[in-house]
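This report refers to the structure that appears directly beneath it.
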Amino acid sequence: MRQVLELVDDRELRSVLLWGQLAALPRYRSAQVVMAFASMPNEPDTDGLLMRLASDGKTVVLPRMEDDEIVARLPGERLVAARWGIREPTGDAVDPSTIDLVVVPGLAFNESGARLGHGKGYYDRFLPTAGRALWVGVGFAEQLVDVLPLEDHDVRLHRVLTA
């Protein structure tokens with residue numbers, strides 16, 4: 001799947017289409033606090049999403065890795081490069097139970113909400129703490145597959161959007 005993602009050459013255009021789909025969801029419109037992520041090179045480009053969230057009046061929350069767990073934080077003054085080159089927030093921590101919508105990256109997804117991440121289980125452990133939120137996986141059409149290997153600890157997303 002990593003090799004497939006390296007071949008996506010219209011990432012920015014498809015990212016714009018993806019964020020349009022996300023914004024069309026009723027739960028997006030009613031959400032006040034949205035957790036997104038700062039994209040890595042082969043993921044949908046979230047810079048436009050982060051700007052859209054701010055212009056739509058949403059409180060933006062981003063993941064930060066602390067002691068091998070995701071901590072939801074406000075962006076702060078700037079994002080800083082951390083482990084694996086992922087840009088992370090520097091702002092205050094946010095109670096995950098206040099998050100209304102979580103936008104989740106992944107390597108692969110299926111229609112029933114199964115998600116293949118990078119194998120560390122970070123989102124599998126984090127998402128249940130944001131229990132009232134809608135969990136939406138986002139990716140490119142090539143990332144949508146029929147079958148994914150699942151383990152007992154893997155959580156299913158509520159929705160998957162692709163472009």
Side-chain angles (χ1 to χ4, degrees), residues 1-25 27-28 31 33-50 52-53 58 60-66 68-73 75 79 81-89 94 96 99-163:
M1 190 53 68
R2 287 183 178 105
Q3 290 174 333
V4 167
L5 290 174
E6 288 178 16
L7 299 176
V8 174
D9 61 356
D10 56 350
R11 183 174 80 96
E12 290 177 15
L13 172 63
R14 289 164 72 181
S15 297
V16 170
L17 297 173
L18 193 56
W19 309 140
Q21 289 180 48
L22 182 70
L25 296 176
R27 290 282 294 269
Y28 175 90
V33 180
V34 177
M35 181 169 177
F37 60 95
S39 54
M40 296 193 314
N42 290 332
E43 294 176 329
D45 184 356
T46 57
D47 289 346
L49 172 62
L50 298 177
R52 181 177 200 147
L53 290 168
K58 312 294 184 189
V60 178
V61 177
L62 297 170
R64 180 181 173 106
M65 295 306 306
E66 297 179 16
D68 281 336
E69 299 294 330
I70 290 176
V71 175
R73 291 189 168 275
L79 302 181
R83 195 176 356 179
W84 304 299
I86 298 171
R87 297 173 296 152
E88 292 186 338
V94 172
I99 300 171
D100 301 307
L101 174 67
V102 181
V103 181
V104 183
L107 285 177
F109 305 92
N110 72 17
E111 290 285 348
S112 66
R115 172 186 168 271
L116 177 66
H118 292 278
K120 303 290 185 186
Y122 297 130
Y123 276 95
D124 294 311
R125 291 189 301 276
F126 174 78
L127 289 172
T129 70
R132 73 179 183 98
L134 179 69
W135 310 337
V136 180
V138 294
F140 300 117
E142 293 87 343
Q143 293 175 264
L144 196 60
V145 298
D146 293 330
V147 178
L148 283 176
L150 293 179
E151 297 181 11
D152 291 339
H153 69 272
D154 292 329
V155 300
R156 287 191 183 270
L157 303 172
H158 300 127
R159 288 288 297 265
V160 174
L161 300 176
T162 61

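None of these values were measured; they are calculated from a predicted model.
A distance of 9.5 Å separates CG in Leu49 from OG in Ser15, rounded to the nearest 0.5 Å. If you take CG on Leu62 and CZ on Arg87, they are separated by 9.0 Å, rounding to the nearest 0.5 Å. Taking CD from Glu88 and CE from Met65, the interatomic distance works out to 7.5 Å, rounded to the nearest 0.5 Å. Note that CG of Asp45 and CG of Leu18 are 11.0 Å apart. Values are rounded to the nearest 0.5 Å. We find the CG-CG distance between Leu157 and Leu134 to be 9.5 Å, quoted to the nearest 0.5 Å. For the atom pair CG of Leu50 and CZ of Phe37, the computed distance is 9.0 Å after rounding to the nearest 0.5 Å.
Side chain of Asp124 to backbone of Leu127: no donor-acceptor contact under 3.5 angstrom is found. Looking at Arg159, its side chain never comes within 3.5 Å of a backbone N or O of Val136 through a donor-acceptor pair. At distances below 3.5 Å, at least one donor-acceptor pair connects side-chain atoms of Arg11 with backbone N or O atoms of Glu43.
Residue Glu12 qualifies as open at atom CD: its count of foreign heavy atoms under 6.0 Å is 12 or below.
A 4.5 Å side-chain heavy-atom check between Leu25 and Leu161 finds at least one atom pair inside the cut-off. For the pair Arg115 and Asp154, the minimum side-chain heavy-atom distance is 4.5 Å or more. Contact check for Val103 versus Trp19: side-chain heavy atoms found under the 4.5 Å cut-off. In this structure the side chain of Arg2 never reaches within 4.5 angstrom of the side chain of Asn42, judged on heavy atoms. In this structure the side chain of Thr129 never reaches within 4.5 angstrom of the side chain of Ile70, judged on heavy atoms. Looking at Val155 and Tyr123, their side chains never come closer than 4.5 Å, going by heavy atoms from C-beta outward. Counting only heavy atoms from C-beta outward, the side chains of Val138 and Gln21 never approach each other to under 4.5 Å. Contact annotation: the side chain of Val145 never approaches that of Leu116 to less than 4.5 Å [non-hydrogen atoms, C-beta and beyond].
Taking His118 as the reference, nothing meets the ring pair (Phe, Tyr, Trp, His ring centres under 6.0 Å) condition, with sequence neighbours excluded. Evaluation of the salt bridge (Lys or Arg N to Asp or Glu O under 4.0 Å) rule for Asp68 yields Arg83 as partners, not counting sequence neighbours.
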What do the steps show when you test Val160 against Gln143 for side chain to side chain contact (heavy atoms under 4.5 Å, CB included), and what is the final call? CA-CA 10 Å; Val160 174; Gln143 293 175 264; over 6 Å; no
Starting from the C-alpha separation in whole Å, work towards a yes-or-no answer on side chain to side chain contact (heavy atoms under 4.5 Å, CB included) for Ile86 and Met40. CA-CA 6 Å; Ile86 298 171; Met40 296 193 314; 3.3 Å; yes
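Among Leu5, Leu148, Val4, the single residue meeting the side chain to side chain contact (heavy atoms under 4.5 Å, CB included) criterion with Leu107 is Leu5.
The two residues Pro44 and Gly139 have their closest heavy-atom pair at CG-CA, 3.9 Å. When all heavy atoms are compared, the tightest approach of Leu144 to Glu111 is CD2-OE2, 3.1 Å. Between Pro89 and Pro63, the closest heavy-atom pair is CD-O, 3.2 Å. Contact detail for Val102 and Ala130: the closest heavy-atom pair is CG2-CB, 4.2 Å. Taking each heavy atom of Arg14 and Ala141 in turn, the nearest pair found is NH2-N, 3.4 Å. Of all the heavy atoms in Met35 and Ala72, the pair that sits closest is SD-CB, 4.2 Å.
The ring pair (Phe, Tyr, Trp, His ring centres under 6.0 Å) contacts involving residues 135-163 comprise Trp135-His158, where partners must be two or more places apart or lie in separate chains.
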